[in-house]
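Within every chain, numbering begins at 1; the chains are lettered A, B, ... in the order of the sequence lines, protein sequences first and strands thereafter.
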Amino acid sequence: DTVTTSVPQGDVDNLLQQVADEAGLELNMELPSGVQSTTIGASTQVSQEQDELTQRLARLRQAE
Amino acid sequence: GSGGGNYSPGPGDPLLAKQKHHHRRAFEYISKALKIDEENEGHKELAIELYRKGIKELEDGIAVDCWSGRGDVWDRAQRLHDKMQTNLSMARDRLHFLASGRKLTIGTK
């Protein structure tokens with residue numbers, strides 16, 4: 001069975017912080033910014049674009 | 001903090017930026033050429049023109065020296081170089097096929 005209780009938001013935050021402290025976590029840890037993934041993404045993207053051209057050119061050649 | 005000094009911008013080298021620039025233009029030209037070519041409804045002259053422009057960009061991109069550095073970005077640049085080489089060869093074949101089939105003069109050297 002489910003018991004619904006109304007808990008003030010401040011208490012929830014405090015509890016979360018307490019749990020996080022015990023676990024040694026940084027709650028305010030920022031998610032990885034876009035910088036790194038963008039750099040990697042851009043580099044592999046150019047490769048994929050060239051691959052796409054290769055595939056399309058190959059298909060046309062087969063259709064000749 | 002947000003003012004970290006370990007930000008590493010893009011390709012990081014003018015040569016690699018140049019290679020990427022030519023890749024980008026080649027991709028745009030050849031993609032458009034392929035689209036027309038695949039539809040197979042005339043307009044082959046336009047496809048031929050776009051292939052020629054794309055081929056020029058591939059040649060310029062391939063001419064960029066990407067063996068003067070070491071590391072991941074250079075490895076990737078060398079793989080991109082190889083892929084552009086492949087596509088240059090295939091695009092040239094396609095251009096010749098279209099041009100000969102249409103009995104067009106395409107500014108032969």
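- With a 4.5 Å cut-off on non-hydrogen atoms, B:Asp72 does not touch chain A at all.
- Applying the 4.5 Å side-chain rule to ILVMFWY residues, one finds B:Tyr29, B:Ile36, B:Leu46 in the same cluster as B:Leu50.
- Of the two parts of B:Ser31, the backbone and the side chain both hold a non-hydrogen atom closer than 4.5 Å to a non-hydrogen atom of chain A.
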Salt bridge (charged side-chain N to carboxylate O under 4.0 Å, His left out) assessment of B:Glu39 paired with B:Lys35: CA-CA 6 Å; B:Glu39 282 169 1; B:Lys35 193 164 190 303; 3.4 Å; yes
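- Among the candidates B:Leu80, B:Asn87, B:Leu58, B:Thr86, the residue making the largest number of heavy-atom pairs closer than 4.5 Å to chain A is B:Asn87.
- Of the atoms belonging to A:Ala58, heavy atoms from both backbone and side chain fall under 4.5 Å from chain B.
- There is no side-chain donor-acceptor pair under 3.5 Å between B:His81 and B:Gln19.
- The residues B:Arg24 and A:Glu49 are annotated as salt-bridged, a charged nitrogen and a carboxylate oxygen being separated by less than 4.0 angstrom.
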